[in-house]
Amino acid sequence: MIVRPRLHWLRMLFVWRGSVLGRILPQLALTTGLAAAVTAVDGVVFGFRINLTVAPFTLLGIALAIFLGFRNSVSYDRWWEARKLWGAVLNDARSLARQVQSLADTDEATRRRFALGVIAFVHALKHQLRETPAETDLARLLPPEWLPRVAAARYKPAVILVMLGGLLRGLRFEEPVRILAMDGHLGRLNESLGGCERIASTPIPFAYSVILHRTAYLYSFLLPFGLVGTVGAPTPLIVAFVSYTFFALEALAEEIQDPFGMEHNDLALDAMSVMIETTVLEMLGETRLPDPVAADHFLLR
Amino acid sequence: MIVRPRLHWLRMLFVWRGSVLGRILPQLALTTGLAAAVTAVDGVVFGFRINLTVAPFTLLGIALAIFLGFRNSVSYDRWWEARKLWGAVLNDARSLARQVQSLADTDEATRRRFALGVIAFVHALKHQLRETPAETDLARLLPPEWLPRVAAARYKPAVILVMLGGLLRGLRFEEPVRILAMDGHLGRLNESLGGCERIASTPIPFAYSVILHRTAYLYSFLLPFGLVGTVGAPTPLIVAFVSYTFFALEALAEEIQDPFGMEHNDLALDAMSVMIETTVLEMLGETRLPDPVAADHFLLR
Amino acid sequence: MIVRPRLHWLRMLFVWRGSVLGRILPQLALTTGLAAAVTAVDGVVFGFRINLTVAPFTLLGIALAIFLGFRNSVSYDRWWEARKLWGAVLNDARSLARQVQSLADTDEATRRRFALGVIAFVHALKHQLRETPAETDLARLLPPEWLPRVAAARYKPAVILVMLGGLLRGLRFEEPVRILAMDGHLGRLNESLGGCERIASTPIPFAYSVILHRTAYLYSFLLPFGLVGTVGAPTPLIVAFVSYTFFALEALAEEIQDPFGMEHNDLALDAMSVMIETTVLEMLGETRLPDPVAADHFLLR
Amino acid sequence: MIVRPRLHWLRMLFVWRGSVLGRILPQLALTTGLAAAVTAVDGVVFGFRINLTVAPFTLLGIALAIFLGFRNSVSYDRWWEARKLWGAVLNDARSLARQVQSLADTDEATRRRFALGVIAFVHALKHQLRETPAETDLARLLPPEWLPRVAAARYKPAVILVMLGGLLRGLRFEEPVRILAMDGHLGRLNESLGGCERIASTPIPFAYSVILHRTAYLYSFLLPFGLVGTVGAPTPLIVAFVSYTFFALEALAEEIQDPFGMEHNDLALDAMSVMIETTVLEMLGETRLPDPVAADHFLLR
Amino acid sequence: MIVRPRLHWLRMLFVWRGSVLGRILPQLALTTGLAAAVTAVDGVVFGFRINLTVAPFTLLGIALAIFLGFRNSVSYDRWWEARKLWGAVLNDARSLARQVQSLADTDEATRRRFALGVIAFVHALKHQLRETPAETDLARLLPPEWLPRVAAARYKPAVILVMLGGLLRGLRFEEPVRILAMDGHLGRLNESLGGCERIASTPIPFAYSVILHRTAYLYSFLLPFGLVGTVGAPTPLIVAFVSYTFFALEALAEEIQDPFGMEHNDLALDAMSVMIETTVLEMLGETRLPDPVAADHFLLR
């Protein structure tokens, strides 16, 4: 995720990092080159002058914009829902940290064990979504006797929730029904887990990507034949401009539809995991807190 | 559901599987052929030159794009809601697997019987939605004494929930109110069931399909008469391009509006059922887990 | 509600039932006739040639399409929300049927009386929304001593909920707090009732209907004066095509914004009521179940 | 709120009441007059012929339509959310009326006092939102000893909820935990109160109104200079038509964004308050019910 | 937040405050100046006449409008969600004020301490979001023994919730389960906190801002070359008009996407905090209430 202070409008025109320009440069060069060639020969191919006129491109361009708009809201909704799910993880982790102190009658050590288990859940979730090894974090946070079962599991965060449920079962409560309030938050951590898995395992229907991709690229390839007749020499400029807008939005929609990756506009799971760890520890009264993850050239992973 | 790694932008232009191109090929050939014929006779029909000009098509094409955009979000929302409902089934199955261990005081066998009953619910739901026979899965998972009643039922998953409710009634709890937490998750499995039935039994208002279908096809049939006067020889190319975009989006909207089918872009109920079975068993501590369903040429059913 | 298997794309062009074509035929004939007249006189009215050119119609047509798109999503959202509310009624009826067996300690007769009361609520809701007489269904389902009070009530379903609450009060529970779980589902039936009343009693702001209606019709009346100058003889064809799209979508939006009526695209409340009755009885263990409501020429009421 | 049976499509073209035409007549007359003047001088101002051509207006008109569409959905969403909040008030009032009979062990007088308190909340909410005096309704419904504190309060409905909470505290329950179910509904009345206050106190960001207003009006003022060159004499007609659509939608969006007012398309809070009073009394078993509020020339306040 | 009575349509055209005009004046001057220069030389640059024609701008302008529309709804949704979260804070603060009187058995002093703690949470949340010092408000509202821990905390509102949970633990309840109702509202305050942090810490994907910014500005820079050929002298006027609409909407989207700031269209956190303080105190029976925050030239911070 790119996090930077608001830029002056002029600098914003020339910013590079996070602008997906890097990813679409080859395609952009190709369409612009093609447009230059078409302009050079004035639309004449094999002795045949092709003038598609601008009208079909007005029509199709707007249709394309509408469909790209649809595609972008779908991608954005996935990205934002993923962010909300991680927000819910934060909320439930904090609520459990509060309740283990205010609802349960338990000693300092059990309380800490429980809270660290919740933090382990968060890191395990991150590692599952990014397909990175969870071992180091698990070893750091979980009681040694839990490790073998959790480490061997296919769905580690779900098994951690079972272990936390077992720990909960052992807590003493002034009134046993209070366990339900804490179990409810375990249940919601479970929902956030399922929600993240849903987004990670269910891509946007493949045909949407294909249809829009094809339409956008064919459009840009044919556009010079529509413009050269009336616009003339500046045709490549216009083609580059139009292609940039369409290609960039398509590439961005492609990028953020899988929000758990490591690309520039993906979510900063590292930073969020550490933040959750920090606030949970702080709520337990600890004062030695981890440092927040720093952005690297405005980029937060 | 098509699941494949992100393709290179060039390969994406020529991919076939999951692109709905197969389904619209005849129509596409027809409109393109028609356009070729109109171009060949230069728009002259019965000695009468028909030139509709491009203007009405700009206007109508954009209106059509807007309505198709609306149609596509409606279809997509159904598809995504269906996916969310299956995500909720996963969540509640996992929560019940946790709670039957941490909230109830029960022996290993009852616990397993309960969890298998939940898994049977999942498979029964899949079979009801796809109208496939549930018998094999039920026999594999349910206690023999439940089988006759469940197998005879018109709404099998609902009856399984009644049986699970009866099983719950027999469990012992440290405090009887805890049963409510588990009953709540049965209630939510019930809601997911009802939600899936709602989507499966309620098509999009038929008139939407009809009106948009008609507009899209009439549009493509008339388009050559609008283009031939100015675009000339490349008219069939443009018509093919425009028709492809409109027909493909309409066909895809038609396909995903019933997300429980077996078409390329429908949900992978098989894979999800097995995944839920796996994670529930794993949470019970089992180590012999079913293999995940493998994609067949990137296609997951 | 029209329920039919997916049609071949060709047959779909000529389908009549459920296509709202019947409702807009007079208007369509009028605009087309007007266009024919304008074309016949070549746009000359009182010796004055009116040529509005096509440009204002491009502009306004697209604006109109955008507003119609907005109007259609509003209408569709009402229709779909109404469907969801009936889905919630199904869910809560089923949950109560499960809970009256698994949470309450009660005899067969009371259980049945409770379940039939829930079914009576469903039918009473349907009759209130359609303003049809509820007496027959109430007499069939409710205990005779409830009938006078319910039948005399202005808001029958709400009073049935009071009676069900009273019945609930009389049930014995292993732990009295369990009544809250069942009371919660009564509360949600109550919410579905209120939601349906909200949709039924609150039309879309009248001014929206008026403004869009006016714009659509004026547009179609003036369109021939814009086209005749360039399109010539085929003007009536284009006018008919454009009018069809706009009028049909407006008529459909008008139709589904009141989803509880008896028109072709309205919800099938009859079929749903019977379905809920069936599944509730089946969950109670009954085997003599009502037949599902059959579609009449693909039309389900 | 305008409530009237569906009109014939022809009558709908000439309806006046509720069509916001009254509010925009002066502006409409001005733009049309301006267009007439421009047409009369054929676009020549100070001996200089201004021909903006139609192209910029196509572009800007569509952009304007898109932004107006956005503005309208925002306004409509506020209006509909307000309606939903009042629907929730109805639901919770009914639930409390059911529960005070089925969950609490209390005498007829206390039950009635509680229900009238809930009705007083509803009327107080209406008066707060419309800034009308609540005294008469409060005196009619509340116990005399509550009156001084409620009448003096800045936020009357919130204080009524405190009083109802105190009353609840005094009720006897078979099991004290049942109070939570009723307290939960008080909490949701509280949420509806907060939701209404949110809509009433938070206008749409002022800049949206300003930007769209300016664009719409400038557009209509300049439009004649764009049309007169090609359309000629009928220019004022087209300008009037275009202005009507844009001005009317803007005025309507302005009207319904504050849904609690007394304008034609605002919500019928009077009718809803009386309806809630009626159904609550009916659920208590009362038979002398208030008459429903009648529409005055199809207008319900 | 700008709060002012509805303006006359004519005054609305010339309002300055809150119209973002101030922020975009330099850019607007630049594009208009550029357009004037291009018009002066009639599009001839280095002896080369550049005529891009209007067609590419129609196409791109509409695409730009669609994407800006998308960007605006995203920004508006963030703004409105932030407002809803503050509305939820109000609701939960009021519910806790009611419950501490009706559910808990406690003395006046503890009740007041609890309510002031809730108010302190609200102010601490505001200060965290605006990055202003919270010390004065905390010292005014919290018990002195809480101050050191809260003041030292990185996430102050979360720690206040822990303290409130501890206070809750010490309250006496007729039935201990009632604590869950109050703990539930603490949990929801916690969710509102997390929701605000989510919006404050997660900007819209940076690439969206960049792509749209670039497209809007390039568009305005090139537009004169498209218009000068047909529109002639009034080109700068049209360019100014078009740029105003696009720049203003982009600037506003930029402004409200971070709704917790101090800009003109941001949320009035000061006024809301004081309002929550007032109503909570009033619900406790206090009569000396703070004055509402007054708007300064229609501007509420």
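Keep in mind the model is a prediction, meaning the values are calculated, not measured. Values reported hereafter were calculated over all heavy atoms of this structure, with side chains retained and with hydrogens, waters and symmetry mates removed. Per chain, numbering begins at 1; letters A, B, ... match sequence-line order.
- At a heavy-atom cut-off of under 4.5 Å, chain A is reached by B/Leu90, B/Asn91, B/Arg94, B/Ser95, B/Arg98, B/Gln99, B/Gln101 from residues 90-101 of chain B, listed in order of number.
- The minimum heavy-atom distance between A/Ser209 and B/Met12, with the atom names listed, is CB-CE, 3.4 Å.
- In terms of non-hydrogen atom pairs under 4.5 Å with chain B, the most contact-rich of A/Leu60, A/Leu161, A/Asp183, A/Leu193 is A/Asp183.
- B/Ala233 touches chain A through its side chain: at least one heavy atom from C-beta onward sits under 4.5 Å away, while N, CA, C and O do not.
- Between chain B and the options A/Asn190, A/Leu186, A/Ile66, heavy-atom pairs under 4.5 Å are most frequent for A/Asn190.
- Of the listed residues (B/Leu227, B/Leu180, B/Leu289, B/Leu284), the one with the most heavy-atom contacts under 4.5 Å to chain A is B/Leu289.
- Residue-level contacts of residues 78-87 of chain B with chain A, in order of numbering, are B/Trp79, B/Trp80, B/Arg83, B/Lys84; threshold 4.5 Å between heavy atoms.
- Salt-bridge annotation for B/Glu282 and A/Lys156: absent, with no side-chain N of the basic residue lying under 4.0 Å from a carboxylate O of the acidic one.
- When heavy atoms are compared at a cutoff of 4.5 Å, B/Arg188 approaches chain A solely by way of its side chain, counted from C-beta outward.
- In this structure the side chain of A/Thr215 reaches within 4.5 angstrom of the side chain of B/Phe241, judged on heavy atoms.
- Here the closest heavy-atom approach between residue B/Val54 and residue A/Ala55 is recorded as CG1-CB, 3.3 Å.
- Side chains of A/Phe206 and B/Val3 form no contact here, defined as non-hydrogen atoms less than 4.5 Å apart.
- Looking at B/Met1, only its side chain comes within 4.5 Å of chain A, counting heavy atoms on both sides.
- One finds the CZ atom of A/Arg169 at 8.0 Å from the CG atom of B/Leu103 (value rounded to the nearest 0.5 Å).
- Note on A/Asp77, A/Ile204, A/Val210, A/Leu168: by heavy-atom pairs under 4.5 Å with chain B, the leading option is A/Val210.
- With a threshold of 4.5 angstrom between heavy atoms, B/Phe298 does not approach chain A through any atom at all.
- Contacts between residues 22-30 of chain A and chain B, defined by a heavy-atom separation under 4.5 Å, are made by A/Arg23, A/Gln27, A/Leu30.
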Original post:
Hey, mind stepping through A/Arg214 and B/Tyr244 against side chain to side chain contact (heavy atoms under 4.5 Å, CB included) and telling me if it holds?
Top reply: CA-CA 10 Å; A/Arg214 268 182 200 157; B/Tyr244 168 68; 2.9 Å; yes
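- For the residue pair A/Gly165 and B/Ser102, the shortest heavy atom distance occurs at O-CB, 3.3 Å.
- Annotation: maximal heavy-atom pairing with chain A below 4.5 Å, among B/His185, B/Met272, B/Arg4, occurs at B/Arg4.
- Contacts of A/Ile179 with chain B are made by side-chain atoms alone, with heavy-atom separations under 4.5 Å and no backbone atom involved.
- When the candidates B/Ile2, B/Leu223, B/Leu10 are compared by the number of heavy-atom contacts under 4.5 Å with chain A, B/Ile2 comes out ahead.
- A/Ile211 contributes atom CD1, which lies 8.5 Å from atom OG1 of B/Thr245 (distance to the nearest 0.5 angstrom).
- Of the listed residues (A/Leu212, A/Leu52, A/Asn51), the one with the most heavy-atom contacts under 4.5 Å to chain B is A/Leu52.
- A/Arg149 touches chain B through its side chain: at least one heavy atom from C-beta onward sits under 4.5 Å away, while N, CA, C and O do not.
- Shortest non-hydrogen contact noted between B/Ser73 and A/Phe70 is CA-CE1, 3.6 Å.
- Across B/Thr230, B/Leu300, B/Leu249, the residue that shares the most heavy-atom pairs under 4.5 angstrom with chain A is B/Leu249.
- With chain A as the partner, the residue from B/Thr287, B/Val242, B/Val20, B/Ile238 showing the most heavy-atom pairs under 4.5 Å is B/Ile238.
- Environment of CZ in B/Arg112: sparse, with no more than 12 heavy atoms of neighbouring residues, nucleotides or ligands closer than 6.0 Å.
- Residues of residues 252-261 of chain A that come closer than 4.5 Å to chain B, counting heavy atoms only, are A/Glu254, A/Glu255, ordered by residue number.
- In this structure, the portion of B/Leu237 lying under 4.5 Å from any heavy atom of chain A is its side chain and not its backbone.
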Original post:
side chain to side chain donor-acceptor pair (under 3.5 Å) between B/Asn72 and A/Tyr208: does it pass, once the steps are laid out?
Top reply: CA-CA 10 Å; B/Asn72 265 287; A/Tyr208 275 124; 2.5 Å; yes
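- In plain terms, the two heavy atoms of B/Val231 and A/Pro56 that are nearest each other are CG2-CG, 4.3 Å.
- Note on ring orientation: taking the six-membered ring where Trp is involved, the planes of B/Trp9 and A/Tyr217 are parallel (angle under 30°, cut-offs 30° and 60°).
- Among the candidates A/Ile50, A/Ile62, A/Leu64, A/Thr58, the residue making the largest number of heavy-atom pairs closer than 4.5 Å to chain B is A/Ile62.
- Side-chain atoms of A/Ser201 and B/Met275, non-hydrogen and from C-beta on, never get closer than 4.5 Å to each other.
- Only the side chain of A/Phe67 comes within contact range of chain B, with at least one heavy atom under 4.5 Å from a heavy atom of that chain.
- The closest side-chain heavy-atom distance from A/Val159 to B/Thr279 is not below 4.5 Å.
- Pairing each heavy atom of B/Tyr219 with each of A/Leu59, the nearest pair is OH-CD2, 3.0 Å.
- Other residues, nucleotides and ligands contribute at most 12 non-hydrogen atoms within 6.0 Å of the CZ atom of A/Arg172.
- Ranked by heavy-atom pairs under 4.5 Å with chain B, the first of A/Gly226, A/Gly166, A/Ala153, A/Ala63 is A/Ala153.
- At least one side-chain heavy atom of B/Tyr76 sits less than 4.5 Å from a side-chain heavy atom of A/Pro205.
- Other residues, nucleotides and ligands place no more than 12 heavy atoms under 6.0 Å from the CD atom of A/Glu131.
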